[in-house]
Amino acid sequence: MKKFSGTEPKAQHKGASDGATAVQERETTKLVGQSIPRVDAIDKVLGKTQYPGDLSRPDMVFMKVLLARRPHARIKKIDSSATLATPGVMAVFTASDVPCNEYGLIEPDQPVLCGDVVRYIGDKVALVIAQNEHAAIIGRERLVVDYEDLPAITDPRRALDSSALILHAAKKTNLLAQRRIRKGNIESGFTKADVIVESEYVTPHQEHAYLQPEAGLAYLDEQGRVVIETAAQWSHDDRHQIAHALGLPQDQVRVIYTYGGGAFGGKEDVSIQIVLALAAWKLRKPVKLIWDRDESIIGHHKRHPYIIKAKWGATRDGKLTAIQMDLLSDAGAYASSSREVLNNATAMCTGPYECENVWVDSRAVYTNNPTCGAFRGFGAPQVEFAAEMQMNKLAEALDMDSVELRKKNLWRNGSIQATGAPVPEPVGVIKVLEAAARAAAWPVKKSSSKRLETKKRGFGVACGFKNVGYGFGFDEKCTVTLELHGRSEIEKVVVRAGASDAGQGAHTILTQFVADALDVPLEKIQLVTGDTSEADPVGSCSASRLAFMLGQAVRGAAELAKEKWRTQSERPVKATYRFKPRPTTPLDPETGRGDPAISYCYAAQIAEVEVDTATGQVTVLKLISAHDVGKAVNPQQLIGQIEGGAAQGLGWATVEHFVMKDGFVMTPNFTLYLIPTVLDVPEIMNTVVLEDPDPQGPQGARGVGEMGLIPAAPALVAAVHDATGVWFDQLPLTPERVLKGLQSVP
Amino acid sequence: MRNFEHITPPDLESAVDLLSERGTKSIAGGTDLLPEMKSRLRSPRRLVNLKALEELRYLKHNARKGFQIGALTTLAEIESNELIREKIPILAQAASVAASPQLRNMGTIGGNLCQSVRCWYYRAPEFKCWLKGGDTCYAIEGENKFHAILESSPCCAVHPSDLAPALMALGASVHITGTDEEGTVSLEEFFVRPKASNRQMTILGANELITEVQVPMLDGDSSGIYLKAMDRKVWAFALVSVAVQVSWDKERVKGARIVLGGVAPIPWRVPAAEEIVRDQAITEEIATSASEAALEGAQPLRDNGYKIALAKALVKRALMTLAERAKK
């Protein structure tokens, strides 16, 4: 197994303009494994790159969306006469203008425009299109909607009460999904336990807070197709949902992605795409829309808050005997991907630990809070926070080192998951924990700050894992077409792969794979990624899957293309390959048995914090992350992904407090919803990368996009406990919470 | 935001005259007003642009009058001014932790003292709260972790300024110019608790402007400190802040002014705490009892009880830090 430390590629990269390798031991002829500069970097730093908000077309008009801004109400009447009389206003569209008024990533339970009922503040009610943006805003102000407010369910714990109003009448219940795991005998597991730790954890909503709010431009092309230019995470699925709502065949809809300014799962659901398409289709004119920050925060889905009851038992010598978990997820008003997030949460809530007796009950419920969906980690951060907290509490209860306790229980080759399936091998979680512990010189002795005796320091550790790809029986595939142009020599390679690059570097990785697979230099490679009418469907940019799937699809397509190039005279050569990873299965509804994941990636993190016990402020001084990535395709990007993920995880754990009250978002802007600044992330981020090849991944690569975020919160909370002696079971650890917690100890 | 007329008056007198008309607001840095206009909290028909009034952009200091700071002086200028850093560093400190560098480049000292509260109910168009002319302060029964622990009725928002507590600790005054009259008032008089007849935190009339901030000469041996606790390291409003300015007779306190931010609708001076440290050498015991006295009578709401502990900690830390420095 090869290994390098996170600081190396960075230092190397400074002098890497001559193409020097990031890691010295690598061979130099291959690009995979090298920190080549981003293929999109030059245009971005020159300001040439067009993001969705930059797009324009001659005679385009502007749209504004009227959001409900009330959590639950019946629409009695919409009066648009004053709007239509506003100078510059061209049209108002409401529910009756939508051919098939429904959409949703998995299940179409969300109206494009609400006709009868609004179920959360971000529900769309009407569209105002005008000659200019200002007129659209004025026109929107003049819309008069007569609402009858309904009681709102805003506490997920009350959503299943018999008195609770049903949000979706056709469903007859607010229970959106439930899962179970029944493995072994939970009672005998607890009987065998010498120590039992029981806690309730509360994890909050999280806002994606991407740089670029939702925006786009829609128009009709010369063939009469409706084109939507925007940037999100899954162009082909957007096309599917747009076509469904507009009642059009898919080939009448074209989605074109520009580069995006961040996504983190927040652009996996459709936000503005359908309404833009609808307006352009109806008006036969280019229509542009840019959401303000508060529209973005109110209008797109959030990370699910989870309430997690955990009861874990272990023997005196530290072997887990029983894990019982009860998960309650606030799905918000619509399904989005709540079921799939619940799948993940259910399968992963035991942490990467062996335990013979597991009992899990999990539910996702509809409420009148903002809809929740994909967010980096997809259910794993919430449940693994609980799992890692339980392990750290067990270590305390057993008076055992928390790394040692983990090593007694962590998965290894041959381990069986809670769902009964073997863990896909090789299983690298013990190695990452050992690597992190080594880098931190664990166990670390506390040294209190000399400056002020109220400042206490502490260290904490957590492990994490995340599945690569969708899993749970989803028919996952990734298709790539390669076109080889030239006669005797390959002069140009056109890569047709509908891969979204949200800023993480997917296109650079794709280019590296193609260059190596065909042995062509980067300059000959031309990517066609944005346009659904030109690029093959690769699936979403999410689930830590894109590099993994693209790499394998490119490998297959390149083999076919090379074969044709050798054996056929026809030019250009064109080869399409559809990669399908090994099949997975859904969880059995009663027992939870199943083989949920193609593969897993692993990480361990150790945080050092300083807690000002007088003011409740927590400072993260240092974060060590060790990751098994299988293969570092582009080490510099990889470190960026890991450190960025860690910063987002620390943000979730400390400063990001999404406050809801009675269905209203109290924090709809960045003055109130704080995200970490550079001063809030640790001065020292030491990333250790292990490369234990995954036989399923391209050149051994696993996924990495989500992993950096997952252990950060439990590592931080463990460090705060080490510093103060207090466990914090609710995130985030704002000064308010910390001071309240500390007041309960002498 | 709605359309508005933008007028640049030739001089202060015309500016004040223009302000007498209904629907008119003055604009300097615009860092508070423009977001309010974008979110429709205010929709003035006319803006009177003060930025061109060069006569309000100055920073003077002399041994008799102390500092005279023109209202258009930006926070960035205050933060970096050598004389301020040397003679009244507490003000430079307060300016340096306010907002972000971009906002400090635009925001003015006059505007900073007149800014609106950051209460999330006040800022949300969905809630017509008492301060906006409604009947209810939603925060009293609602989400109130950022709200007042002292004087929480009829509005429990807190004054967000970092400069105001520091200036009040320095004994500063503001010069106000209106259509008919002008005069100078201390900051204690300038900031008032909102009431039904005046739903704002200052006495400033619609057609009046702050034209100058005056900081009197300090005693020969004087030192000050501004401490601010935030939810993140920078670029946030104070959860609680404290400004302490002490005049010394060697290591003994001759007099002190202690002002809290983030705890009341206005910057909150705490004479009871000042009394405790007067004529004392500051020990941990004295600092502790001053911090207790400072929060005497605090009445927390559901979520903001932590502010009591936080404010006490900051008062104590400020006093102890000043005492240590005085020993050196």
Side-chain angles (χ1 to χ4, degrees), chain A residues 67-71 121 134-135 137-138 141 292-294 298 451-455 612-620 650-651 654-657 659-681 732-743, chain B residues 1-3 31-32 35 38-40 43 99-100 103 118-127 138-139 141-146 160 227-242 284 291 300 302-317 320-321 324:
Chain A
L67 301 177
R69 294 186 184 270
R70 58 185 66 215
I121 56 167
H134 186 67
I137 291 171
I138 300 296
E141 277 178 9
D292 295 340
R293 182 58 67 179
D294 89 308
I298 288 170
R451 236 161 25 94
L452 271 174
E453 57 193 50
T454 57
K455 296 201 176 181
D612 187 331
T613 54
T615 64
Q617 289 161 308
V618 175
T619 303
V620 189
L650 294 173
T654 55
V655 302
E656 298 189 30
H657 195 184
V659 179
M660 296 285 314
K661 174 68 175 173
D662 301 334
F664 290 94
V665 175
M666 306 308 294
T667 49
N669 54 54
F670 291 154
T671 305
L672 289 163
Y673 186 79
L674 302 183
I675 55 174
T677 68
V678 71
L679 295 179
D680 295 276
V681 298
L733 274 63
T734 57
E736 170 206 356
R737 296 247 175 83
V738 174
L739 281 175
K740 279 179 184 166
L742 293 178
Q743 280 163 9
Chain B
M1 67 180 73
R2 286 175 218 274
N3 286 344
T31 57
D32 192 31
K38 283 183 183 171
S39 61
R40 301 294 198 278
S43 297
S100 65
L103 291 168
R118 307 302 311 190
C119 170
W120 40 28
Y121 290 101
Y122 174 77
R123 296 272 162 177
E126 293 89 346
F127 297 94
Y138 293 93
E141 298 289 322
E143 291 297 320
N144 49 37
K145 71 167 178 160
F146 296 130
L227 298 178
K228 177 184 183 184
M230 292 176 265
D231 261 349
R232 71 177 166 199
K233 298 284 177 276
V234 287
W235 304 353
F237 289 95
L239 299 170
V240 173
S241 65
V242 58
E284 183 160 4
S291 73
R302 188 192 70 193
D303 294 333
N304 65 5
Y306 75 99
K307 283 193 176 186
I308 295 176
L310 185 50
K312 283 182 188 171
L314 292 188
V315 170
K316 186 176 163 190
R317 187 171 289 177
M320 293 300 290
T321 308
E324 263 170 53

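Reminder, nothing fancy here: chain letters follow the sequence lines and each chain counts from 1. Just so it is clear, the values below take in all heavy atoms, side chains as well, and ignore hydrogens, waters and symmetry mates.
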Heaviest contributor of heavy-atom pairs below 4.5 Å to chain B, chosen from I137(A), V618(A), T667(A), T619(A), is T619(A)
Ranking R232(B), R118(B), E126(B), K307(B) by heavy-atom pairs under 4.5 Å to chain A gives rank one to R232(B)
The residue among F127(B), Y138(B), W120(B) that forms ring-ring contact (aromatic ring centres under 6.0 Å, His included) with F664(A) is F127(B)
Whatever's closer than 4.5 Å to a heavy atom in chain A on M1(B) counts as backbone
Whatever's closer than 4.5 Å to a heavy atom in chain A on L310(B) counts as both
Okay, L672(A) and chain B: the region with an atom under 4.5 Å from a heavy atom over there is side chain
_Closer than 4.0 angstrom, basic N to acidic O: yes or no for E141(A) and R2(B)?_
yes
Closest non-hydrogen atoms of Q743(A) and A309(B), given as atom of the first, atom of the second and distance, are NE2-CB, 3.2 Å
Rounding to 0.5 Å, atoms NZ (K661(A)) and OH (Y121(B)) come to a distance of 5.5 Å
If one checks every heavy atom of F670(A) against chain B at 4.5 Å, the contacting part turns out to be backbone
Heavy-atom nearest pair, A614(A) first then A313(B), reads O-CB, 3.3 Å
Cut-off 4.5 Å, heavy atoms of chain B, and the answer for I121(A) is neither
So, the part of E736(A) with a heavy atom under 4.5 Å from chain B: the answer is both
Count the heavy atoms belonging to other residues, nucleotides or ligands that lie under 6.0 Å from CD of E284(B), then report whether that count exceeds 12. no
Original post:
Does a side chain donor of either R317(B) or T615(A) reach within less than 3.5 Å of an acceptor in the other side chain?
Top reply: no
Go through the steps for N3(B) and H134(A) under the test side chain to side chain contact (heavy atoms under 4.5 Å, CB included), then give the verdict. CA-CA 9 Å; N3(B) 286 344; H134(A) 186 67; 3.1 Å; yes
Okay, V655(A) and chain B: the region with an atom under 4.5 Å from a heavy atom over there is both
- request: Determine whether D303(B) and K740(A) make a side-chain contact, defined as any pair of heavy atoms from C-beta on separated by less than 4.5 Å.
  value: yes
Interface check, chain B: of L679(A), L674(A), T677(A), most non-hydrogen pairs under 4.5 Å belong to L674(A)
Applying a strict 4.5 Å limit to non-hydrogen atoms, the region of A236(B) in contact with chain A is side chain
Practice problem: Could you give me the CA-CA distance, side-chain angles and deciding distance for T734(A) and K145(B), then say whether side-chain hydrogen bond (donor to acceptor under 3.5 Å, both in side chains) is met? | Solution: CA-CA 11 Å; T734(A) 57; K145(B) 71 167 178 160; 4.7 Å; no
Rounding to 0.5 Å, atoms CG (D231(B)) and CG (D680(A)) come to a distance of 10.0 Å
Heaviest contributor of heavy-atom pairs below 4.5 Å to chain B, chosen from I138(A), T654(A), T671(A), is T671(A)
Step-by-step side chain to side chain contact (heavy atoms under 4.5 Å, CB included) determination, Y306(B) to V738(A):
CA-CA 9 Å; Y306(B) 75 99; V738(A) 174; over 6 Å; no
